[in-house]
Every structure is written in C-alpha cells, then in structure tokens.
Amino acid sequence: MERISWKQYFMAQSHLLSYRSTCTRLTVGATIVRDNRIIAGGYNGSIAGGVHCIDEGCYVIDGHCVRTIHAEMNAIIQCAKFGVATTDAEIYVTHFPCLQCTKAIIQAGIKSVYYAENYRNHPYAVELLEHAGVHVEHVPLDKKIFLAFANDERES
C-alpha cells in the first residue's frame, strides 16, 4: 500500500476537524504542524460553553458571523493556552485564511500556509503573507484518501 504524502495527511486532518464546526455558513478546519508533528487543531465554532450557530442561527454583522471563532484562531489560541510555540510552524487549512486570521498567522510566526480551497482570498491578506515571507501553497485535498480509508481491507 502506498503512503499518502505529509501534505495530504495534514490536509485530511484539517478536513476531518472541519466536521466539528458549529457555524452553518462555512465549515473550516485547521491543523498546526511543526517538524511533521501535529501541535494543534481547530475548527470554526462558538466560544467554549457558548451558544452555537447550529442551535440558534448565525449572529451576522456586516456580512460576518461574529459568534464564530475561526479555525485558524482556535488552533493558534490552543497553542497559547497550552504553552506550545508556533514559531516556524506550518498551518494546513481547508479554506484560504481571512484577513484577520492572516494577521494572526503572521504574528504567531507561522512560516507556511497550505490551503485546500480558495475562499474570498483577500488581496491584502495575500500581500501581507508575501511581505512577511510566509510560504503559501494551494494543496487541494485528494478525496481518494477518504475513499481508500472507507474501503480499507487490512482489518478484514
């Protein structure tokens, strides 16, 4: 059996995390990696113990759900909460980061952003990432990975 690449492995992890999202507008997952080891994961949803969009609807102001913390922010905050350094880490995200998440990624010292899908790619976010020297790469998820997992016959 052929092993999947590291990029596909971490991107698949981000897609799996997105299934925990509680915002109905867009499900997003993010995985922070350092030295090919997962150090944090996040998905978009409400604050811990808060009301969820899936239960009471989105709280939209100026076209944005303000109830939701983005996946990238949740992963970065998880690192801060547990004292895990993000300097020189990589982040794998199901969708291109928004402008605010882009700023947080840069400030956290993350050196590479890998994203599966374009989503309102803000030109200033692209400019900031370039100016900060952050490597950005489009890595579409190979959905055959999940099909292979579902059809895995090793356990038979």
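Hydrophobic cluster of Tyr59: the remaining members, joined at side-chain heavy-atom separations below 4.5 Å, are Ile61, Val66, listed by chain and number.
Under the 30°/60° scheme for interplanar angles, the aromatic rings of His95 and Tyr119 are found to stand perpendicular. Taking the six-membered ring for Trp and thresholds of 30 and 60 degrees, Trp6 and Tyr9 have ring planes more than 60 degrees apart, a perpendicular arrangement.
The closest donor-acceptor contact from the side chain of Thr22 to the backbone of His52 lies at 3.5 Å or more, if one exists at all. For Thr86 (side chain) and Ala108 (main-chain N/O), a donor-acceptor pair under 3.5 Å exists by modelled atom type. Looking only at distances, no side-chain donor or acceptor of His70 sits under 3.5 Å from a matching main-chain atom of Glu72. No donor-acceptor pair closer than 3.5 Å links the side chain of Gln8 to the backbone N or O of Leu141. Ser46 places a side-chain N or O within donor-acceptor distance of the main-chain N or O of Val51, the cut-off being under 3.5 Å.
A 4.5 Å side-chain heavy-atom check between Ile38 and Gln13 finds at least one atom pair inside the cut-off. Between Gln78 and Lys81, the closest side-chain pair of non-hydrogen atoms is not below 4.5 Å. Contact annotation: the side chain of Val60 approaches that of Arg25 to within less than 4.5 Å [non-hydrogen atoms, C-beta and beyond]. With a 4.5 Å cut-off on side-chain heavy atoms, Thr27 and Tyr19 do not count as touching. In this structure, Tyr114 and Met11 have side chains that are in contact, with non-hydrogen atoms separated by less than 4.5 Å.
For Gln107, the CD atom is loosely surrounded, since the number of other residues' heavy atoms within 6.0 Å does not exceed 12.
The OG1 atom of Thr68 lies 11.5 Å from the CD1 atom of Ile47; values are rounded to the nearest 0.5 Å.
The only member of His135, His138, His15 that meets ring-ring contact (aromatic ring centres under 6.0 Å, His included) when paired with Tyr115 is His138.
A donor-acceptor contact closer than 3.5 angstrom is absent between the side chains of Thr94 and Ser18.
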